[in-house]
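Single-structure report; data block below.
Naming convention: chains lettered A, B, ... in sequence-line order (proteins, then strands); numbering from 1 in each chain.
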Protein chains: 2
Amino acid sequence: MNPNSILQVRSFNRLVAERIGALDDRFLQANRPMNESRLLWEIGANGEELRVLRDRLDIDSGYLTRVLQGLERQGLIKIRTSPADRRVRRATLTQSGLKERLKLDKRSDDLAIDILETLTERQRRLLLSAMEQVERLIQASMVHFDIEDPGHVDAEWCFRHYFKELNARFENGFNPEQSISADADELVPPKGLLLVVRLRGEAIGCGALKFHGKQFAEVKRMWIIERMRGLGIARRLLRALEECAAEAGVRQLRLETNQTLHEAIALYKSYGFSEVKAFNAEPYAHHWFQKPVETRRGSPART
Amino acid sequence: MNPNSILQVRSFNRLVAERIGALDDRFLQANRPMNESRLLWEIGANGEELRVLRDRLDIDSGYLTRVLQGLERQGLIKIRTSPADRRVRRATLTQSGLKERLKLDKRSDDLAIDILETLTERQRRLLLSAMEQVERLIQASMVHFDIEDPGHVDAEWCFRHYFKELNARFENGFNPEQSISADADELVPPKGLLLVVRLRGEAIGCGALKFHGKQFAEVKRMWIIERMRGLGIARRLLRALEECAAEAGVRQLRLETNQTLHEAIALYKSYGFSEVKAFNAEPYAHHWFQKPVETRRGSPART
DNA sequence: ACGAAACGTTGACTTCAGTCAGAGAATGAA
DNA sequence: TTCATTCTCTGACTGAAGTCAACGTTTCGT
């Protein structure tokens with residue numbers, strides 16, 4: 001890695017940490033313990049279950065209880081047992097709790113305004129677009145892949161969006177019924193596997209393998225959410241799938257794709273797939289590709 | 001302020017705080033209290049005086065003492081009385097202290113590498129240049145102006161660089177002796193004043209006024225360090241000087257400048273100065289400008 | 001030479017953050 | 001029905017962060 005690049009990133013980190021130091025300060029300056037602020041924030045206008053809060057803020061349950069009791073004593077929240085599951089408790093903001101939360105909100109706005117207001121209109125535009133750029137690229141570095149059951153809610157969410165997109169892009173629409181199957185049971189080891197792409201716990205894409213013995217595996221269900229495209233995530237997903245195939249001892253990857261999916265075709269070609277003649281009767285396909293499985297050094301299977 | 005701009009900044013802040021959140025983690029993960037880490041870092045390879053540390057980290061002096069004693073007990077630092085001023089104490093890293101500091105250093109590098117390594121070369125270039133852009137523009141919003149004595153070390157530092165630059169840019173060099181005076185005593189109230197531009201406590205520019213009764217004030221010593229140009233800082237400095245003039249009841253600003261200083265001339269014109277015929281005999285000047293002093297609403301005199 | 005100011009140290013706090021073990025109530029699965 | 005699991009709360013901690021006042025030493029300005 002280029003040392004100057006590292007220095008640039010570090011210098012950026014330092015500055016931003018200092019300036020946005022509001023990292024904590026957004027909450028800290030509020031003249032109330034940070035965890036109280038974080039909780040007021042996370043409870044939100046509609047209330048939230050304690051177990052969700054505990055999970056989101058990664059707080060010890062005993063500790064959470066006490067901080068919440070503090071907030072309740074201050075009259076900022078109410079805690080009630082959930083009617084649906086009486087083990088579960090749910091916190092909601094009171095009127096004054098909502099007001100406190102608005103103050104936090106305002107503090108965030110003020111910080112943003114403070115940064116923007118000294119700049120000229122042109123500088124402001126430059127800053128915002130540079131920020132967006134940084135944001136997207138940093139997000140790309142936060143993406144990770146998890147092996148997941150196809151029945152998982154995130155997996156189903158991805159499939160729905162994937163089908164919807166195919167339906168919109170294909171010349172004559174897309175109906176999964178008519179396509180070669182990749183059913184839930186085919187995407188679970190040992191018959192296959194499904195990777196869900198996540199960013200901060202939120203699903204943003206998927207990709208699957210359907211094994212055919214050691215001879216070859218089909219790549220299926222490659223999809224990345226629109227707003228995260230162009231960041232090389234699909235390529236990393238492909239590499240992760242190839243690693244999985246390699247681990248399973250599979251010798252070849254195969255896939256077919258539709259002519260309207262230009263980006264995908266470009267990706268497969270540049271990744272090392274070669275176009276071959278049709279090896280199946282997938283009605284929606286115009287191109288068939290294959291590639292020998294390689295184990296790439298230095299590429300972590302799942303990150 | 002445009003609400004979408006605010007949202008973009010907030011979203012950026014959130015992400016970066018989370019990702020760089022290593023802000024603390026850089027120090028925290030180190031499995032040692034954060035302030036210990038921060039101190040190891042700030043003491044640096046050459047040691048540092050306690051009063052400087054206290055100032056930089058904004059730590060209570062009693063607290064500082066105790067944390068440092070902790071570090072000394074761990075054999076990471078030594079604290080000695082400064083020979084120059086025996087009130088002052090100075091902390092220096094021991095061998096193992098240096099090693100610990102290297103670990104922190106490595107942690108920073110790792111974070112940077114972690115962000116960069118998943119990206120393609122092209123994305124990496126994009127990210128770095130966007131980061132630089134963000135950094136510069138955010139810095140612009142952190143700049144502030146202080147009234148300072150011309151004898152102050154920062155002021156002298158600025159003057160030296162200012163003269164050096166004039167000497168390099170003027171056709172026949174520049175010798176302050178031959179120029180119309182703006183001596184130290186002329187830049188102190190009530191005869192005049194000096195503003196030093198600072199970024200995080202570090203001087204990056206200056207600008208001065210030399211009063212001639214209520215009738216007019218001369219703008220002198222306008223200079224911004226090269227790397228911070230193009231960010232509208234000089235314009236804000238000019239406005240700050242104008243505010244000072246307004247407060248002093250002065251009716252007009254005047255200045256003269258050399259033809260090689262294109263940016264300055266462009267700034268003065270666009271700021272509202274009009275070129276007039278020579279009102280003094282400054283040997284280095286080619287252009288003379290003046291402008292009536294206005295009080296601009298909503299513009300903080302010194303930020 | 002004297003008083004004010006600067007610099008550091010100590011003691012005696014308070015408040016936050018975070019951990020761990022144990023126990024009770026509700027729920028779900030066999 | 002029983003038993004394991006989930007969810008929450010309590011008690012009893014440790015350790016870090018941060019504040020305040022008092023005091024001693026050294027230096028500086030006059």
Just how far, in rounded Å, is [atom2] of [N] from [atom1] of [X]?
X	N	atom1	atom2	result
A/Arg66	D/dA12	CZ	C1'	9 Å
B/Asp60	C/dA12	CG	C1'	13 Å
B/Ile59	C/dG8	CD1	P	13 Å
B/Leu57	C/dG8	CG	C1'	16 Å
B/Asp55	C/dC7	CG	C1'	13 Å
B/Asn35	C/dC16	CG	P	17 Å
A/Leu39	C/dC16	CG	C1'	13 Å
A/Asp58	C/dG18	CG	C1'	11 Å

- request: Apply the test side chain to side chain donor-acceptor pair (under 3.5 Å) to residues A/Glu100 and A/Gln74: give CA-CA distance (whole Å), side-chain angles for both, the deciding distance (0.1 Å), then the verdict.
  value: CA-CA 11 Å; A/Glu100 280 300 299; A/Gln74 295 169 58; over 6 Å; no
Nearest-neighbour nucleotide for the B/Leu50 side chain, D/dG18, D/dC9, C/dG8 considered: C/dG8
task: Looking only at side-chain atoms of A/Pro33, point me to the closest of C/dC16, D/dC9, D/dA16.
output: C/dC16
- prompt: Any sub-3.5 Å donor-acceptor pair from B/Arg56's side-chain atoms to B/Glu42's backbone N or O?
  reply: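 Yes, because the side chain of B/Arg56 sits within donor-acceptor range (under 3.5 Å) of the backbone of B/Glu42.
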message: What I'd like to find out is whether the side chain of A/Val197 reaches to under 4.5 Å of the side chain of A/Met228, using heavy atoms alone.
response: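 No, their side chains stay 4.5 Å or more apart.
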query: Under 4.0 Å between a Lys/Arg side-chain N and an Asp/Glu carboxylate O for B/Arg51 and B/Asp55?
result: no
statement: So, with a heavy-atom separation below 4.0 Å from DNA chain D, the residues of residues 67-94 of chain B are B/Asp85, B/Arg86, B/Arg87
